[in-house]
Number of protein chains: 2
Amino acid sequence: MIEAEIYKALGDPVRLQMVMRLANGSPCTISQLTQDLGITRQGARKQLQVLVDAKMVQLSSQGRETRVDLDIATLQQAHRFIAELERRWDQRLAALKSFVETEFEH
Amino acid sequence: MIEAEIYKALGDPVRLQMVMRLANGSPCTISQLTQDLGITRQGARKQLQVLVDAKMVQLSSQGRETRVDLDIATLQQAHRFIAELERRWDQRLAALKSFVETEFEH
DNA sequence: ATTATACGCAACCAAATGGTTGCGTATTTT
DNA sequence: AAAATACGCAACCATTTGGTTGCGTATAAT
């Protein structure tokens, strides 16, 4: 169950903000991504690494700067998983409803 | 940005497993939920509280046991948020594609 | 009435997390 | 050539996290 790592990655305000900015298409070198986070570049870099390890972003070095890009495939995976949870829950409710109706039909 | 708390709640193997079991409609008292997790009831209880604080599950006391139920609304909220991230990312890609096509059209 | 079950509260612990500072190096800019 | 920028590595620190054990209490089963 590697799954949890994805949510863990999103489960921090700083990292979630990073992902949101990347999704909005904001500038995306490490230094730029650090701006407005209220922490140092090194601090931000450590959080970024968590996103990298969870395969939510990819880094590519270009000259002296490092480009940060969202890995949409991982986001989609998280999306599908949650959708599946909802689906099963709905099924359960439907089963319960059907049971009740069967028991109490006159 | 309370958002992050939701993902944080899912971002632990034990808690994610709990949510999965609840979504599957498994028995759902605290003790039953603890089974097969490989940790003590108290340990599980602490994890469960994280889910409660994130409003992902609701507890209701019935006699000597406590019923655990998934809060589907919160799951749906998480679902919608991720979907929105994807949507923005797609828009960005579309904009980039359009830009490239405009620049290089002959 | 006794025993067993389901639970809560609190103290405690090791490990992980979130962040910092200091320093070194490669690449650009001037 | 000198200065500035963008970055990495590592040590360090306080707080949070994930889990335990011990103990007390209310409800249910025998």
(request) Go through the N and O atoms of the side chain of B/R41 and the base of C/dG8, and report whether any donor-acceptor pair is under 3.5 Å. (result) yes
(request) Taking B/R15 for its side chain and B/A9 for its backbone only, find out whether a donor-acceptor pair lies under 3.5 Å. (result) yes
(message) Given 3.5 Å as the limit, does a donor-acceptor pair link the side chain of B/T74 with the main chain of B/K55, or not?
(response) yes
(request) Would you tell me whether A/Q76 and A/R80 have side-chain atoms, one donor and one acceptor, within less than 3.5 Å of each other? (result) no
(message) Distance check, rounded to the nearest 0.5 Å: B/Q42 atom CD versus B/I30 atom CD1?
(response) 9.5 Å
(request) Only one of B/K46, B/R45, B/Q47 passes side chain to side chain donor-acceptor pair (under 3.5 Å) with B/Q49; say which it is. (result) B/R45
(request) Would you kindly give the CG-to-P distance between B/L48 and D/dG18, to the nearest whole Å? (result) 13 Å
(request) Return the 5'-most residue of the pair B/E65, A/G63 with respect to DNA chain C, ranking by each residue's nearest nucleotide. (result) B/E65
(request) Indicate yes or no: does B/R87 engage B/E84 in a salt bridge with an N to O separation below 4.0 Å. (result) yes
(message) Just to be sure I understand the rule, does B/T40 reach a base, reach only the sugar-phosphate, or reach nothing, if contact means heavy atoms closer than 4.0 Å?
(response) base
(message) If the threshold is 4.0 Å, N to carboxylate O, is there a salt bridge linking B/R67 and B/D69?
(response) yes
(message) Measure CG/B/L59 against P/C/dC7 and give the value in whole Å, please.
(response) 10 Å
(message) As a test of reading the structure: which of D/dT5, D/dA28, D/dG19 is closest to the side chain of B/I39, going by heavy atoms?
(response) D/dG19
(message) From CG of B/L51 over to P of D/dG18, roughly how many Å is that when rounded to an integer?
(response) 11 Å
(request) Specify the separation, in whole Å, of atom CZ of B/R64 and atom C1' of D/dT25. (result) 13 Å
(request) Please round to 10 degrees the angle between the axis of the first five pairs and the axis of the last five pairs in the helix from C/dA1-D/dT30 to C/dT30-D/dA1. (result) 30°
(request) To the nearest Å, give me how far apart CD (B/Q17) and P (D/dG18) are. (result) 15 Å
(message) In whole Å, I'd like the distance from the CD atom of B/Q62 to the P atom of D/dT27.
(response) 14 Å
(message) Tell me if a side-chain donor or acceptor on B/Y7 pairs with a main-chain N or O of B/A78 at a distance below 3.5 Å.
(response) yes
(request) Quick one: label A/R45 by what it contacts on the DNA or RNA (base, sugar-phosphate, nothing), any heavy atom closer than 4.0 Å. (result) sugar-phosphate
(request) State whether A/S31 places a side-chain N or O below 4.0 Å from either non-bridging phosphate oxygen (OP1 or OP2) of D/dT5. (result) no
(request) Return the value, rounded to whole Å, for the distance between atom CD of A/Q49 and atom P of C/dG18. (result) 13 Å
(message) From CG of B/L16 over to P of D/dG18, roughly how many Å is that when rounded to an integer?
(response) 13 Å
(message) Determine whether a donor-acceptor pair (N or O, by modelled atom type, separation under 3.5 Å) exists between the side chain of A/T29 and the backbone of A/E65.
(response) no
(request) Could you tell me which non-hydrogen atom of B/I39 sits nearest to which non-hydrogen atom of B/T34, and how far apart they are? (result) O-CG2, 3.7 Å
(request) Could you please name the option among C/dA4, D/dT20, D/dC9 that lies closest to any side-chain atom of A/Q42? (result) D/dC9
(request) Quick one: label A/G43 by what it contacts on the DNA or RNA (base, sugar-phosphate, nothing), any heavy atom closer than 4.0 Å. (result) base
(message) Generate the contact string for nucleotides 11-17 of chain C. Rules: B means base contact, S means sugar-phosphate contact only, - means no protein heavy atom under 4.0 Å.
(response) ------S
